[in-house]
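Written below as structure tokens is the structure these notes are about.
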Amino acid sequence: MRIRLAIAFAITFSIVIIQAVGAWITGSLALFTDAAHAITDASGLLVALIAAHLMHRPADSRRTWGFRRIEVIAALGQATLLLVVGTYAAIEGVRRLFHPPEVPANELLIIGILGLVANLCAIGVLASSRGANFNMRAAFLEVLNDALGSLGIIVAAILIATTGFYRADALAALLIALLIVPRALRLIRETLAVLMEFTPEGLDLDEVRRHIEDLDHVLEVHDMHASTVATGLPRLTAHIVLSEACFTDGHAAEILLQVRTCVAEHFDVSIKHSTFQLETPAIAAHDRCEVDPAG
């Protein structure tokens, strides 16, 4: 898997070099925008490669979750860059629709074809492993999205060569911006949700609470918190109030096992990293008094 990611990264990085040089030579906004897009895609593949390596490193007493969250931080940086590039491409693309510069069609076509061929090679490398995990799926979509940008450049080059319609370059840039801005906004929203420790998408905490409270001997569930450490790593903590007898007749351990199994298997979001504090009603009442002494 890591070898496939490394090959895909090398191919995508070569696309960055080709398109950057091509944008400088031709002055094409579409090539510039797609080169910036390819930089982000290459960064995404590099992060996926690093994550695939780091995920095998054991956690320690200083890094209890290892380096799992590095992918979230890197994705936020990539999304911010994408948003900046996409916004610039949209503004500059609109300006060039009114004042289109001349762009050499032959050079644009050659570079577009080279980019598309390289992207297709990367797609072929990643296709068979795209369902292995989130990293591989995201890496595959990164390259597929960039291939669409290269295709837009080829179409623009053909239009310029056959009709002299120089606005095609600006239209291709606007198309690429249309591809990357919604994706950037979605990435920013998803990564901020992780960093702000919002409840994982698709997990209804009220339903989780009801399920646990429906178990025999469970009196109350409070102080429930759910968040996401990194991709595919949701976690849940809660205080569960049991009847006094459960701590003397052996039911407490059984209920703990039932709750852990419930959150891991019953819901669409499987939570295998869960921590539950079992309490008597007296302890729960004491905790509430400490939180709100006036109450």
Side-chain angles (χ1 to χ4, degrees), residues 8-9 11-46 75-123 126 138-163 165-190:
F9 169 72
I11 293 172
T12 306
F13 190 71
S14 69
I15 296 172
V16 172
I17 302 300
I18 292 170
Q19 291 182 334
V21 172
W24 179 69
I25 293 173
T26 64
S28 166
L29 178 62
L31 271 180
F32 168 79
T33 307
D34 207 33
H37 186 197
I39 289 174
T40 308
D41 290 344
S43 300
L45 289 168
L46 182 60
L76 179 59
Q78 294 166 33
T80 303
L81 175 61
L82 271 179
L83 186 60
V84 171
V85 170
T87 302
Y88 169 78
I91 295 172
E92 180 66 10
V94 170
R95 188 188 70 80
R96 291 194 180 196
L97 285 177
F98 295 98
H99 305 286
E102 290 190 12
V103 177
N106 292 336
E107 289 86 340
L108 189 62
L109 179 61
I110 291 171
I111 295 169
I113 292 173
L114 289 175
L116 180 61
V117 170
N119 276 307
L120 291 176
C121 290
I123 288 172
L126 296 174
F140 177 80
L141 291 176
E142 297 260 13
V143 176
L144 182 62
N145 205 16
D146 202 39
L148 294 176
S150 296
L151 188 59
I153 291 171
I154 292 172
V155 172
I158 293 173
L159 284 174
I160 292 171
T162 56
T163 67
F165 183 61
Y166 289 107
R167 289 182 176 85
D169 179 63
L171 290 173
L174 289 171
L175 171 63
I176 296 169
L178 188 63
L179 288 172
I180 66 179
V181 169
R183 172 182 160 210
L185 292 173
R186 184 173 63 254
L187 271 175
I188 289 173
R189 179 178 60 82
E190 292 175 354

Over all heavy atoms of both residues, which pair between [X] and [Y] is shortest? Give the atoms and the distance, please.
{"X": "A172", "Y": "A156", "answer": "CB-CB, 3.9 Å"}
{"X": "G86", "Y": "A177", "answer": "O-CB, 3.6 Å"}
{"X": "G115", "Y": "S150", "answer": "C-OG, 3.6 Å"}
{"X": "I160", "Y": "A168", "answer": "CG1-CB, 4.1 Å"}
{"X": "T33", "Y": "A173", "answer": "OG1-CB, 4.0 Å"}
{"X": "A147", "Y": "I123", "answer": "CB-CD1, 4.1 Å"}

So, using side chain to side chain donor-acceptor pair (under 3.5 Å) as the criterion, who are the partners of R95 when residues are at least two apart?
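Counting only residues at least two positions away or on another chain, R95 forms a side chain to side chain donor-acceptor pair (under 3.5 Å) with E92.
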
What pairs with R167 under side chain to side chain donor-acceptor pair (under 3.5 Å), at least two apart in sequence or on another chain?
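Counting only residues at least two positions away or on another chain, R167 forms no side chain to side chain donor-acceptor pair (under 3.5 Å).
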
According to ring-ring contact (aromatic ring centres under 6.0 Å, His included), who are the partners of F165, at least two apart in sequence or on a separate chain?
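Partners of F165 under the ring-ring contact (aromatic ring centres under 6.0 Å, His included) test: none.
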
Calculate, to the nearest 0.5 Å, the distance between atoms CG and CG belonging to L31 and D169 respectively.
7.5 Å

Mind checking the CG-OG1 spacing from L83 to T87? Nearest 0.5 Å is all I need.
4.5 Å

Should Y88 and L29 be marked as a side chain to side chain contact (heavy atoms under 4.5 Å, CB included) after you check the CA-CA gap, both sets of side-chain angles, and the distance that decides it?
CA-CA 10 Å; Y88 169 78; L29 178 62; 4.0 Å; yes

Just jot down the side-chain contact (heavy atoms from CB on, under 4.5 Å) partners of [X], sequence neighbours excluded, or say none.
{"X": "I113", "result": "L109, V117, I154"}
{"X": "L148", "result": "N145, L179"}
{"X": "L175", "result": "none"}

Which side-chain N or O atoms in residues 97-108 pair as donor and acceptor under 3.5 Å with protein atoms at least two apart or in another chain?
none

Side-chain donor-acceptor pairs of residues 13-26 under 3.5 Å, sequence neighbours excluded:
| from | atom 1 | to | atom 2 | distance (Å) |
| --- | --- | --- | --- | --- |
| S14 | OG | I11 | O | 2.4 |
| Q19 | OE1 | A35 | N | 3.4 |
| Q19 | NE2 | D34 | OD2 | 2.8 |
| T26 | OG1 | G22 | O | 2.7 |
| T26 | OG1 | S28 | N | 3.2 |

